There are 2 protein chains.
Amino acid sequence: MNTRFAVAVHVLTLLQSQRGEPATSEWIAGSVNTNPALIRRLLSQLARAGLTQSRMGAGGGALLAKPAQDIDLAQVYRAVAEDAEVIPIHASPNPRCPVGRNIQAVLERRIDAAQRALEAELARTTIADLDKDIARRARR
Amino acid sequence: MNTRFAVAVHVLTLLQSQRGEPATSEWIAGSVNTNPALIRRLLSQLARAGLTQSRMGAGGGALLAKPAQDIDLAQVYRAVAEDAEVIPIHASPNPRCPVGRNIQAVLERRIDAAQRALEAELARTTIADLDKDIARRARR
DNA sequence: GACAAGTGTAACCGCAGTAGTTACAGAAAA
DNA sequence: TTTTCTGTAACTACTGCGGTTACACTTGTC
């Protein structure tokens with residue numbers, strides 16, 4: 001997997017910390033320590049998933065598309081991972097071998113269950129939770 | 001992630017289906033549909049984790065190092081994934097930003113929990129389970 | 001209306017990890 | 001002693017990723 005999920009969570013938490021003020025991709029890139037174009041690419045992915053929205057033109061920038069407590073990490077994960085699998089299965093085992101013929105189907109069930117468990121755990125945290133965590137940490 | 005986990009599970013299930021007969025890397029590669037050297041590379045990783053053992057020389061090959069019901073998929077996952085993270089965190093966010101300074105620590109806790117959930121789910125299945133699944137499927 | 005400040009997206013680069021492959025030294029059975 | 005294996009190093013081709021530049025387009029402001 002790539003670091004897009006972590007960056008996306010970073011960006012969303014940053015937007016929440018702005019409390020409604022639009023954030024420019026350049027400013028966001030400054031906090032993530034990367035390139036504005038890369039942030040815009042990520043933001044358009046998040047916008048497509050209904051997590052953010054952007055205002056174009058001068059004074060524009062990115063905003064959360066819904067309250068932070070309604071955005072959980074599983075949503076972010078799905079928005080960003082798209083169809084990439086956590087644990088991929090190897091292609092084309094030998095169909096003339098009993099194990100080769102059946103291993104994919106048998107293994108897929110277990111991997112799907114594991115991925116569901118991962119997402120269920122992620123779903124327990126929202127952007128609002130992380131915002132609070134960070135506020136608590138920053139206070140000391 | 002790569003397909004090594006899936007291939008490892010395939011190989012282990014194959015060894016179990018041999019009921020004690022050593023399997024050569026060439027034969028295994030035939031079922032996986034890949035290269036013997038690649039299988040040997042994987043097998044030495046599994047041997048280091050105590051899941052398989054190999055007999056060298058003529059008539060040699062690979063064997064399970066312990067009963068199939070004592071090998072669960074979480075063990076295989078750890079043997080093969082080594083220190084690769086399911087969900088990596090981006091490096092070097094800006095320490096002068098409150099969010100940038102704290103996001104890694106805050107996010108890491110949640111990702112660790114998610115990974116534990118994934119492994120816990122994987123731990124519920126053993127190689128013996130898969131062997132049975134395949135036997136059941138092959139019977140019809 | 002012109003300008004400045006933004007977004008969205010395409011195109012490209014270098015790097016790193018992966019699967020695949022060849023080659024060969026060493027071990028062990030026949 | 002020959003044959004059949006393993007273990008491992010070395011190399012290649014491919015792919016995906018993060019990073020970067022470039023540019024058309026949108027919008028607020030003077």
Side-chain angles (χ1 to χ4, degrees), chain A residues 1-8 10-11 15 18 21-49 51-63 65 80-94, chain B residues 1-8 10-11 15 18 21-49 51-63 65 80-94:
Chain A
M1 223 250 178
N2 49 40
T3 63
R4 275 201 282 259
F5 170 75
V7 175
H10 183 155
V11 170
L15 294 183
Q18 287 297 98
E21 272 303 295
T24 70
S25 63
E26 189 168 356
W27 183 78
I28 298 173
S31 171
V32 175
N33 193 24
T34 182
N35 195 286
L38 193 141
I39 295 295
R40 290 201 290 273
R41 219 148 56 185
L42 180 60
L43 278 171
S44 71
Q45 228 176 340
L46 296 177
R48 245 175 282 136
L51 303 183
T52 63
Q53 59 186 55
S54 289
R55 283 193 203 147
M56 298 192 64
L63 298 164
V80 140
E82 286 179 339
D83 58 344
E85 324 228 331
V86 211
I87 302 182
I89 302 185
H90 59 303
S92 63
N94 189 341
Chain B
M1 223 250 179
N2 50 40
T3 62
R4 275 199 282 257
F5 170 75
V7 174
H10 183 156
V11 170
L15 294 184
Q18 287 297 99
E21 272 303 296
T24 70
S25 62
E26 189 168 357
W27 184 78
I28 298 173
S31 171
V32 175
N33 193 25
T34 182
N35 194 287
L38 194 140
I39 295 294
R40 290 201 291 272
R41 219 148 57 186
L42 181 60
L43 278 171
S44 72
Q45 229 177 337
L46 296 177
R48 244 175 282 137
L51 303 182
T52 63
Q53 59 186 53
S54 288
R55 284 195 202 144
M56 298 191 66
L63 298 165
V80 139
E82 285 179 341
D83 58 344
E85 324 227 330
V86 211
I87 302 183
I89 302 185
H90 59 304
S92 62
N94 188 341

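Quick caveat: nothing in here was measured; it's all calculated off a predicted structure. Letters A, B, ... are given to chains in the order of the sequence lines, protein chains preceding strands, and every chain is numbered from 1.
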Interatomic distance, [X] [atom1] vs [N] [atom2] [rounded to whole Å]:
X	N	atom1	atom2	value
B:Asn35	D:dA10	CG	P	18 Å
B:Gln53	C:dA27	CD	C1'	16 Å
B:Ile87	D:dC17	CD1	P	15 Å
B:His90	D:dG19	NE2	C1'	15 Å
B:Ile39	C:dA19	CD1	P	11 Å
B:Arg55	D:dG7	CZ	C1'	17 Å
B:Gln45	C:dG17	CD	C1'	14 Å
B:Leu46	D:dT6	CG	P	14 Å

Query - Any side-chain heavy-atom pair of B:Val7 and B:Thr34 under 4.5 Å - result: no

Report task. With the side chain counted from C-beta on, respond yes when A:Ile28 and A:Leu43 share a heavy-atom pair under 4.5 Å apart, and no when they do not. Result -> yes

Query raised in the report: Starting at the 5' end of DNA chain C and moving along, which residue's nearest nucleotide shows up first, B:Leu38 or A:Gly57?
Result: A:Gly57

Query raised in the report: Once you round to the nearest 0.5 Å, how far does CG of A:Asn35 lie from CD of A:Glu26?
Result: 9.5 Å

Query raised in the report: To the nearest 0.5 Å, how far apart are NE2 in B:His10 and CD1 in A:Ile89?
Result: 11.5 Å

Please tell me which of the listed nucleotides, [options], lies nearest to the side chain of [X]?
X	options	result
B:Ala58	D:dT3, C:dT7, D:dG18	D:dT3
B:Met56	C:dA19, C:dG26, C:dT7	C:dG26
B:Arg41	D:dG18, C:dA19, D:dT27	C:dA19
A:Ser44	D:dG7, D:dT3, C:dT9	C:dT9
B:Thr3	C:dG20, C:dA19, D:dT21	C:dA19
A:Thr34	D:dC17, C:dA5, D:dG19	D:dG19

Query raised in the report: Relative to the 5' end of DNA chain D, which residue comes earlier, A:Arg40 or A:Gly59, by the nucleotide with the nearest heavy atom?
Result: A:Arg40

Query raised in the report: What is the nucleic acid contact for B:Asn2, judged by heavy atoms within less than 4.0 Å: base, sugar-phosphate only, or nothing?
Result: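 Sugar-phosphate, backbone atoms only, no base.
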
Kindly say if [X] contacts the phosphate of [N], meaning a side-chain N or O under 4.0 Å from OP1 or OP2.
X	N	value
A:Ser54	C:dG8	yes
B:Arg4	C:dT18	yes
A:Ser25	C:dT7	yes

Query raised in the report: So, the side chain of B:Thr3 versus the backbone of B:Ala6: is there a donor-acceptor pair under 3.5 Å, distance only?
Result: no

